[in-house]
Each structure stands twice: as structure tokens, then as C-alpha cells.
Amino acid sequence: MKVSCSKAALVSGVQTVYKAVSAKPTIPALSGVLVETCPQGLRMVAYDLDELGIETFIPVTIGAEGSTVIPAKYFSDISRKLPQAEVVLEFREETQSVTISAGRADFVVKTLPANEFPALPEIPEASSWSIAEGELKTMIRRTGPAAAVDDARAFFKGIYTLFEKDSLTMVATDSFRLAYRKSSAIFNMDEPIDIIIPAKALLEVERNLNEAGEREVSVAVAENHAMFRIGTTTYVTRLLEGQFPNYKQVFPQNIPARIVCDRLQLLDCVDRVSLMCKDELSAIRMSYTGDEGMASGFLTIAATTPEVGEGREDIPVSMIGHAEVTVAMRARYLRDVLRVLDGEEVCLGYTSFKHPIEVTDETDPSYTYLLMPVTAPM
Amino acid sequence: MHIPEIVGQDEAVRLLDREMASGKMSHAYLMWGPRGSGKMALAKRLALASNCMQSAARASASGGPESGQDLPLWFCGECPNCEKIAKGIHPDVCVVAPEGDAIKIGQIREMKWRIALKPNEASIKTWIIDEADRMTEEAQNCLLKVLEEPPGDSLIILLSEDPGMMLPTISSRCHEVRLNAIGIEELTKWAEAEFDLEPERAKLLATLSEGLPGRVATLAGDDEYFKVRDRIISTVRRVALCEDGSEALAASEDLIDQLKKAYAQAVDGGGSPEVLEISSPMGACDLMAGWFRDLFILSITGDESLIINLDHIMDIREDAARGQPSLFSRWAVKAMQTAQALRSSANPRLAMDDLFLNLALHE
């Protein structure tokens, strides 16, 4: 195999697939990136057999056809540090090694056998749908952070995804907070399909989407896998087993009071006050002083750690409705949602100190984030 | 392609086959039995049989469990699933084994995450936990939930030599399958055919391995084991009845040294578990007990077919003529007691000295 391409194309190809390289490969070849000449250029694949398989194509000039598997770490490091010049990749069968050269730099890297590299699962694309890139990015970006990173219950590490005739719904929760977004999309299917997709896989797809982009993402779901294709890049993931908890019942009904405030101001305030928190999971307290009804007042946010001290700040807010607001919550969970919203203002729906707080943004009415308060004495 | 063969575990194989055919498979098995009894082979066979694409097709074509004249736990060996499982590269058939001394909680956490994903290709995801009794207590507790209710279609198989070392809550969640040592005759026949051995050699290996096919397979190509064994036997023969206390002590010191070297060498050079065992003081004492048992049996029955150390038959005849059965039986008991003491951390040198003085001074 011998191909040549620009450094930029090579780097972008390797970085696109790199996240899918297996950290603990069960087959040695999985610690590498498969490169293979084909009519579309150079096909690159990385696959961890579990959550993520990524395939992409980069434009190359083919000198000789062939395929090999290049150890991912070296491939990635070398390609990034190469001098700005045309890159030549040449695989030598006799020595089972690949030469990577650019300008006056030359690397010879031992390769792994390409025939041991497992094929990506084939997902019939006959029934694939398409979603606008920006919309999918928003869906994942706003729901993803609520998924658990480390939980015994695997379905909390996934994002529940529901395809219906005219909508796409994504829900993620780690049981302390829940993010829900329903967007209109035309799928034209007879029966709704609901699946749980590992959050890690979706967040990797999201990373390569562009909010202002105009591309369409093609999505296909098979019995055990889901596939996302953007341009020439394809992501494949295994779905999670299990039943997603009935999330609908946790949405509070008849919220008596809503506090509206400037989103960035609140985020800055939480950031500052939580300096006095002991750790990521410590709570901050929140209370409202001022008039009720359609009125304005102040939201006081405070954090106390007995052996350290206390932080406190007021921000101006307006209150719609009636309630005596005093509630405690984990700062990180509030920050997470404030960071992924775009609107200037954010609305906190308050029912009582033990009901979930509902965080919404007027500019994105299809989105709801629920945050469980901390009820333990503080 | 090498398909793991199961020798002599007919009962276990038939039991599993019946359960599979009648759709009553458990989702968790504990396969236990001595080292070399074929636990891993049986676990892989179960994975093969339950994932073979042909097997599923046959079962549905013939319409029910009663129709099969096939071998129990049949698999085709040719479909992609069979091929990958046999090669050990099937993405949905995974093995967890101790990393270092133990199976740690991190390994079980990772397994729990991966088993929660839907299968890649298999119809039944299969997770084999080898040497399951070496799970740390945290790891075992972490496993409990998933063992009780594995997600989706999955099968968890624990393998253990000593299931008593595990929490009772683990074994109570598993369907137990016991693997036993098998008859020497059957094993001899198998060894003859499998490793192309002379009948006598095959019988020796079958006897030495105590009826365990896995150990026969190791011994068949293990010269180092026989070197260590010969060294122990020649030392014992020299010491027994020599009536010289100081020579016995010198021989004990020498043997302990040699065993240590052999053991270290086996550890460094990736020696077989058989070499590791026989070059431990306990293993050496077990071998001596066997030797004295041979002397005893021959001197009271004269029946050479009952002898374990067949390759040394001339030596055994010679030694058996030199003493009384009661003496040999006392020695055998003493050797076993010494092995027992060593297992409870007795000082090897002192224990061996004591044993050898007994031999030399015919007590």
C-alpha cells in the first residue's frame, strides 16, 4: 500500500476515529487504526467493539492499493507533529511496517495484522432517517451532561432516544437530575422506536457536529446497534439493554412559582459562591426575598462549609407566582445546565424544597431540565 | 481450528444439553472441579452450543428438543460464531481472569458495563469468569446484582477449583455443575489417541494426573516435570533405609535447594502449573506419599496394575522387597502429614528434615 495526502487531511482523519480506539483491546489489532485504500480514497476505521466504532474517508492519491493497521497512539502523535508537507504512507509487507514520511521526516512503525481487525457491524440503511446537524447537536449537548458517568445501573449511562412519526425525544438522567428535549423532525415511521444509546458515543458524535452546519445526519437503528453518518464519517455503537425508567412521572405539575433571571449572571454567581463548597457534590442554598406575584426581588445564593467558611451573593430576579423559596441543590448540577443553554434568561420553576426544580429557557421551549434538591439538613 | 474437547464429563454435558434443549438454561453457572478437569473447555462448549447459528437453525427446523440425534451440546464449528469463539476472538464471548493475584472490582465493573450493551453478533452474550474464587470480596459483591439478573440474553459462567472460597451469596445465585476426575482407563485411551502415545506412557500420564484430562495434556509435553520428579524419587530412594541421620539431613537440605531452584526457574520461564506444584515442598511430599503407597500396595498385593509410578516399576519392586508393608504405610502417612503441615505454613526445611530422618531410621 502506498498513498500520499496532505498533512491536514491525515490529522483530521486520525483525530476523527481516534476516540474509538480500544483502551483495553481484546484483540491486538483493536489498539490500532485500520487504513485501507478504496475508490473514495483512504478508509480509516477504529473500533472498540463496545460503545464506539468510527469510520471515515480522507482524500488521497493512491500509489499502490492495500491495507494495514497502524498503532493508534503513534499514528496520532506522529501525524500531528509531522512538518507541513505532503505526507506519504507506505506499507511494506516484508517487514510488516509502515513508513510515514513528510518533508525530511521519516518514521517506520511496526503494524498490526489487518486481517484480524473485526468488521464494523453492518446496519441496513434502508430504513435510515435524516436529522439536521445543528438540531442533533443541540439535542445531545443539552441532554448528554445529565447522563451518569459512573453508575452501577448501566442505562443511566445512556441517553434514551425515542423516534416517533414527527418527533425525536432524548432523555438522560443519573437519578439526581434529568434532561429532556423533544424536537420536531419528520421520520415517517409506522411504529415508534425507542432505544438507549451510550452517552459516550452520542457525545462523540456531537463533538463532530457543527451547530451552524447545514449537513444532514443520517441515522439508522438495527436490533443491537445504532449508526450515525455525517458526510463521509460513520459512527456505530451498541445499544444498551434494559428498560429506561418512566421519566414522565417526575415532571412537577402546577408549578406555583417561577424565578426568571439572567443566565450568565446566575452561572457566574454559582461559580463564585461554590468556591466555598467542599467538593463537586456539595450543595448551595438558594432563597428569594422580595415581592410576589409579577414582581422583582433578589435571589440569594450561599454556600457554607463549617470548617472553611461561607460565601453569599444576591442577584436581581423576577418572580412569577407565589412561594417561599428556600432550597438547596448541588452546584455542579445547576452549572451543567446553565452552560448548555443559549438564551439570555433562564427560568427556575419552584414547587417546594423537596420537589425537583424545573430549569427552562424561553428560547428553547422543547427543553426541560429537572434538578433534585438536597433535602438533608445543612 | 481447535475446538476444546471435553473428555469424560458426560453427565455434566448431558445435563447442560437437556437444559438447553428444553429452554431451561440458567443465566448463571458455577462450574467447579479440580484443575485440569475441563472447566474452561466445558464453558467454551456451552458458549459454542448456545451461539452456533446452525444449531439454532436445526432446533427450529426439527421442531423441538426431542428430535436431535446430535451429540449433546452440538455445534457446527463452521459458522462465523463458532469460528470466532473457537479462536477466542468473539466480541460477545469474553473471559475475565485474575490480573496478578486477584480479580479486582474494576474488572467486574467493566464487565458489568459491557454486558449491559446489546450483543454484537452473539445470540447469548457469554462471560466466563476464570478462577472466580480469586475475586476480591468487593468484586464479588459488585457481581451479585448482575449475576442474579444479567441484562438481556446473557450467560455468566464462573469457574472455580474451590467454590467454598467465595461468598455463599455468589454460589447460591448460580446453577452448579460439578466436574469430576474421570476413570483411568477412559483417560488412558483418550491420551493415547490425542497425543499419539505408547499405551504405557498414556497410562502413566493418566494415573499421575489423577484422572484429570487437562493435567494429562500438560504432562504430555512437560519434560521439566519429569526431571524434577525423578530427582525427588532418587533422593527418597537414597535416604530410605540408609540408617544414617546426617546423610538424611544433607539430602533434605539438598532437595529443598533443588526444589527452590526448579520453582524459581518455572516461575521465570513460565513453567506449567504441574512443574510449579511438584517443585513446591507440598507437591514433593505428595509425590513421596504416592511412592510409599506404591511400595505398600506392591508388597501386600503383588498386583502391579495398581501402581501409580509405572515408569519406575523396577525400582518399586526392588524397594518393596526391602521392607515391611506396615513400614511403608507409616511412611506414606508421614509424608501426607508433612504435606499437610507444609500447607499450614510449617517451615519447609524442618518438616523435610523430620520426614527424612523418619525414612532413614525406619521409624
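Protein chains get the first letters and strands the later ones, always in sequence-line order, with residue 1 at the start of each.
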- Item | Under 4.5 Å from any heavy atom of chain A - which part of B:D92 | side chain

- Taking the side chain as C-beta and beyond, is there a heavy-atom pair between A:D150 and B:W113 under 4.5 Å? no

- Query: Which one, A:T26, A:I196, A:T237, A:I27, leads in non-hydrogen pairs under 4.5 Å with chain B?
  - Reply: A:I27

- Message: Does A:M189, at its CE atom, have more than 12 non-hydrogen atoms belonging to other residues, nucleotides or ligands within less than 6.0 Å?
- Response: yes

- Query: Just how far is it from atom CG of A:N224 to atom NZ of B:K125, taken to the nearest 0.5 Å?
  - Reply: 8.0 Å

- State whether the number of non-hydrogen atoms from other residues, nucleotides or ligands found under 6.0 Å of B:K104 atom NZ is greater than 12. yes

- Task: Identify the heavy atoms of A:L240 and B:L117 that sit nearest to each other, and give their distance.
- Result: CD2-CD2, 3.8 Å

- Task: Report, as yes or no, whether the 6.0 Å neighbourhood of atom CD on B:E137 holds more than 12 heavy atoms from other residues, nucleotides or ligands.
- Result: no

- B:P119 vs A:E241 side-chain heavy atoms within contact, under 4.5 Å: yes

- Would one find more than 12 heavy atoms of other residues, nucleotides or ligands at under 6.0 Å from atom CG of A:N246? yes

- Task: First locate atom NZ of B:K118, then atom NE2 of A:H225, and finally report the distance between them rounded to the nearest 0.5 Å.
- Result: 10.5 Å

- Message: Looking at B:K87 and A:E116, is there a salt bridge between them, counting it only when a charged N and a carboxylate O are closer than 4.0 Å?
- Response: no

- Item | CD (B:E149) with more than 12 external heavy atoms under 6.0 Å | no

- Item | Contacting region of B:E110 [heavy-atom separation from chain A under 4.5 Å] | side chain

- B:F195 atom CZ, neighbour heavy-atom count above 12 within 6.0 Å: yes

- Message: A side-chain contact here means heavy atoms from C-beta on lying under 4.5 Å apart; do B:R114 and A:L49 qualify?
- Response: no

